[in-house]
Every structure is written in structure tokens, then in C-alpha cells.
Amino acid sequence: MKKNVPIAIVDCNNFYASCERIFNPKLIGKPIVVLSNNDGIIVALSNEAKQLGIKNFSPLFKVNDILKKYDVAVFSSNYTLYGDISHRIMISLEQFSPEIEVYSIDEAFVYLDGIHNKDLFSYAQEMQKTIKKWIGIPVSIGIAETKTLAKLANRRAKKNQEYKGILNLINNVEIESHLKLTNVTDVWGVGRQYTKLLNCHNIYNAYDLSKVNHNWIKKKMTVQGLRTVMELNGFPCIEGEFIPPDKKGIISSRSFSNYVSEKNELSEAIATYTSRAAEKLRMQKSVANMISVFLRTNPYKNTPQYHNGCQVMLPVATDFTNELIDYALKGLEQIYKPNYLYQKVGVMITGILPKNILQNSLFDNIDREKNQKLVDAIDKINLEYGSDTIYFASSGVQKKWQMKRDFKSPQYTTRWEDIPYVISNLVD
DNA sequence: TCTGGGGTCCTAGGACCC
DNA sequence: TCTGGGGTCCTAGGACCC
């Protein structure tokens, strides 16, 4: 039988909080929290903050008192910074294996083909030390024969001080006890709904789950559930993706800092989000033939509720910002109703195709050559001088509705974004 | 007063075709 | 009165992930 390749999952500890700490040594040993967009909820905590009993995903207003009382350092999220740190970590990991699968901003699977089992632990220690020394971020590493088991090992490594952040489950005699000590809800692929269902059938931990009947689990949790069970038993069946595939849908949406009712302000927001989505579309060298627009009031609030969305087909697939904005605004026109307190709007681009196979249409009356030069110029300037250096006037200049970021840290690693003046309205 | 944003995969069911 | 079988494509909705 073919031997499985050892898989390590390298996961940054409290990533966003750790990023904020790199450039601010005064924060070592101090509690830190990082907020979501719009400063709405907590999305990352340092260990010290966790020890104060603060929970992830708590709304800021519910924990304000405790934050003040313990002098917790609070940051708005700074994704430009975190993305840059993430990139550096991934580059460092390439020293250790030719096969790295970047799984999220703070995690990567590292395939350790050819490393003998007795050496895996020290190899992982070397990775951990390197990332701490070069970048300053602490990581935990789980090693196993499948991704699901590696994730489980990682969790165990993180939760138990004595492992110092590394656990190898390959040929590990205690594997059964590790499975029994992992709640089923903490298994990769099991969320809230499935936890409820499994608990109803007396399945409480990863070990219980590994023993279920395959037909039963497929019926209850689709083939994805079956894959999870197989993986818990050491049979890899979740494929790696080494080259990230093109996105099939690109969403851009934000909550407003204050409620918005006016159509012209909603239009500005839609134009702004469409610009972002179009930029991403061009980055992956695609075009799209559908744009959806959606809006909604605040579901938590006891005010008149309205949410709606609509899809607009484009006659010719495109990646031009101005064209996409035109169609998005037509969509808004269809669903907008006055007098509601809107909390959020967004756009989603779908029907995505590679640009290089784009066919010319007989009915196309847009000067595509001219538009191409325009967006190329915009992308080039925004890349060099920071995003939003130039933008379409329909996006608005004042942007009263724009999200809150009251606690943002400076741009330590990327120079331009925070430079305070902006060349606006060069282009319409 | 204040509750994120951006994705993926899978299935069921309807429309349509021969 | 009788009312097939098999295939494809699309969409909506539900689950999950970070």
C-alpha cells in the first residue's frame, strides 16, 4: 500500500493580534483585541485578552467596559498589514517544502514528503523557530496523514501548553485519546448545525464520529461528511490546491457607519464596491457577464425591515469598472425603496470567464480599446500610490457613509496607503 | 447607540430535451 | 383511460470555512 505523505498545518497564533504586536513591543504580555470592519465585533484576541474572559465575535458595545477596565489595546482591522505579514510567512515556509498550500491568511498546509517520521517533530520545531525569528509571529503546527487529522493535531497543540505548539499524530500511540478529547464541533468540517444533529445521535467527539456508518453519514451530511469521517481514519480524500483557482464569484460589501436612506448615497457605495470587485476581477485576468446588487436594513433592530437583491445580465462580458458600475446602478434602481434605514449594501460579480477567450460581439458599441487604456492606467496608479488614489466620481468624494475605523494602526510595511492627500476626480 | 466580510461545495428540484 | 426514462443545465438554499 502506498504510504501517505505527512501533512503539516502551520497556523499563526492569534494572527491579527500578533501582527499588531510585532511593531509595538510595548504590547508584549498585554491584552490586545482586533475589531472587524466597521469596528463592530471582535475578530481576534491575544491570549491575555482571552484570559480576561473576552470572547471572539462579541459585539464591541457588549465588552467596552471590560476593555476599559483592563486597559486592553484595541485595534481596527488593518488587512493591508496582515496580508503583507502573511505573504512573508508563506515565503519563509517555502524554505521547508516545495509543496505549500496557502489555505487562509494565517494558515498553510506544508507537505513533508521524504521527511522520516522520527525527524518530523524537529523539522516542525525548525519551522516554528524560523517564523518567530524572521517575522516575529508565533505559530502552532499539527502533523498527520490527512488534513482533517492535522487540523485536529494543531488544535490539540495549541490548547495544551506542554506540547509547545507542535503535535505529530503519525504513528502516535495516543491518537485515540486525542480523538476522544476533541469535541465533534471542533472537527474541521463540522459546524453548528451538524453538531446539533450528531449530538442527537450520541456522537460527541472526534472518536465517535470516526466510527459512524458510512452510508448513514453520507445521507445526513453529504459526501463532505463522509470525507471527514474517512480522513479521521487516516485516508486522505481532501485534495490539495497548490495553484489557487480563479474566483467564481467576487463579493464586495460593507456595513455603513450610520444608517443610509438616500439613493444617491447608496449609489456612491455601490459604485465604490463595484470598483473594488472590478479590480479583483482584473487582477485574476477575468471578465464577467453578471452583477448582482443587494441591500438590507439592520436585522437586529426593531425598525421596518427590507432586504432584496437583483441580478443584472451584461450583454458582453467585461472587466471595465465604469461599465460594471452602470449595470450595478441599474440593479439598485430596481430594488431601492425610499424611507428605509439601510445598514448594508453590496455587489457580487458572477458569470466569470477568463479574459483571453473573450469573444467580440457584433452588437458591442463600446470603445473597448479606449476603456482598456483607462483601467490599465487606473490600476497602475492605484498599485503604485495606494488604492483609491484615483477613482470614478460616481463613487463619491465625501463618502459620509463609509465604515468606521477608529482604532487603526499605522501602515508599518506598506508606505502609501495612509498618505493623507488623494488625487481625486481625474477620471470620470 | 453599537452585531464583519468573503468565499466554497453540495443537493434538490424545476425546465427542458430526445 | 392510459401518463416513460434518462440526461443536462440552472438556481436557490443550506451547510461549511477563515
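Everything numeric in this text was worked out from a predicted model, so none of it was measured. The sequence lines fix the lettering, A, B, ..., with proteins before strands; numbering per chain opens at 1.
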With a 4.0 Å cut-off on heavy atoms, is [X] in touch with a base, just the backbone sugar-phosphate, or nothing at all?
| X | result |
| --- | --- |
| Tyr82(A) | nothing |
| Lys280(A) | sugar-phosphate |
| Ser252(A) | sugar-phosphate |
| Gly346(A) | nothing |
| Asn38(A) | nothing |
| Glu241(A) | nothing |

(message) Are there over 12 heavy-atom neighbours, none belonging to Lys285(A), within less than 6.0 Å of that residue's NZ?
(response)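 No, the 6.0 Å shell around NZ holds no more than 12 heavy atoms from other groups.
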(request) Answer yes or no: does atom NZ of Lys218(A) have more than 12 heavy-atom neighbours from other residues, nucleotides or ligands under 6.0 Å? (result)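 No, NZ of Lys218(A) has 12 or fewer neighbouring heavy atoms, counting only those of other groups under 6.0 Å.
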(message) If we check salt bridge (Lys or Arg N to Asp or Glu O under 4.0 Å) with Asp319(A), which of these qualifies: Arg282(A), Lys280(A), Lys355(A)?
(response) Lys355(A)
Once you round it to whole Å, what is the distance between [atom2] of [N] and [atom1] of [X]?
| X | N | atom1 | atom2 | value |
| --- | --- | --- | --- | --- |
| Tyr79(A) | dG7(B) | OH | C1' | 13 Å |
| Glu239(A) | dC10(B) | CD | P | 12 Å |
| Arg254(A) | dG6(B) | CZ | C1' | 9 Å |
| Asn302(A) | dT3(B) | CG | P | 14 Å |
| Gln343(A) | dT3(B) | CD | C1' | 8 Å |
| Asp246(A) | dG6(B) | CG | P | 18 Å |
| Leu60(A) | dG4(B) | CG | P | 12 Å |
| Phe57(A) | dG6(B) | CZ | P | 15 Å |

[X] vs [N]: side-chain N/O to OP1/OP2 distance below 4.0 Å:
| X | N | result |
| --- | --- | --- |
| Lys301(A) | dT3(B) | no |
| Tyr259(A) | dC2(B) | yes |
| Lys248(A) | dC9(B) | yes |
| Arg227(A) | dC9(B) | no |
| Arg276(A) | dG5(B) | no |
| Ser253(A) | dG4(B) | no |

(message) If you assign each of Asn298(A) and Ile251(A) to its closest nucleotide in DNA chain B, which residue comes earlier from the 5' end?
(response)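 Comparing both residues, the 5'-ward one is Asn298(A).
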(request) Stems involving DNA chain B: give each as a range paired with a range, ordered by first number, where a stem means at least three consecutive Watson-Crick or G-U wobble pairs under 3.5 Å. (result) B:5-18 with C:5-18
(request) Could you tell me whether Tyr103(A) and Phe109(A) have their ring centroids closer than 6.0 angstrom? (result)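 Between Phe109(A) and Tyr103(A), which both carry aromatic rings, the centre distance is below 6.0 Å.
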(request) May I ask you to check if Lys330(A) and Tyr327(A) form a cation-pi contact, with NZ or CZ under 6.0 angstrom from the six-membered ring centre and within 45° of the axis? (result) yes
(request) Using the six-membered ring of Tyr306(A), assess whether NZ or CZ of Lys337(A) lies under 6.0 Å from its centre and within 45 degrees of the ring axis. (result)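 The answer is yes; both the distance and angle limits are met.
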(message) Can you identify which nucleotide, out of dG5(B), dT3(B), dT11(B), has its nearest atom closest to the Thr222(A) side chain?
(response) dT11(B)
Do any side-chain atoms of residues 157-164 of chain A form donor-acceptor pairs under 3.5 angstrom with protein atoms, and if so which ones, sequence neighbours left out?
residue   : atom : partner   : partner atom : Å
Lys158(A) : NZ   : Asp11(A)  : OD1          : 3.2
Asn160(A) : ND2  : Arg156(A) : O            : 2.8

(request) Kindly determine whether Leu35(A) and Ile41(A) satisfy side chain to side chain contact (heavy atoms under 4.5 Å, CB included), including the steps that lead there. (result) CA-CA 6 Å; Leu35(A) 306 176; Ile41(A) 61 172; over 6 Å; no
(request) Classify every nucleotide of nucleotides 13-18 of chain C by which part a protein heavy atom approaches to under 4.0 Å, writing B for the base, S for the sugar-phosphate alone and - for neither, in 5'-to-3' order. (result) --SSSS
(request) For dG4(B) versus dC17(C), give the span between their C1' atoms, rounded off to a whole number of Å. (result)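 Nearest-Å result for dG4(B) against dC17(C) at atom C1': 15 Å.
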(request) In plain terms, say whether Glu265(A) and Lys399(A) are close enough for a salt bridge, that is, a side-chain N and a carboxylate O under 4.0 Å apart. (result)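 No, no charged N to carboxylate O under 4.0 Å.
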(message) Closer than 4.0 angstrom, basic N to acidic O: yes or no for Lys147(A) and Glu101(A)?
(response)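 Here Lys147(A) pairs with Glu101(A) in a salt bridge, since their nearest N and O are under 4.0 Å apart.
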(request) Answer with yes or no whether the side chains of Ser46(A) and Glu48(A) bring together a donor and an acceptor at under 3.5 Å. (result)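 Judged by distance alone, the side chains do pair up.
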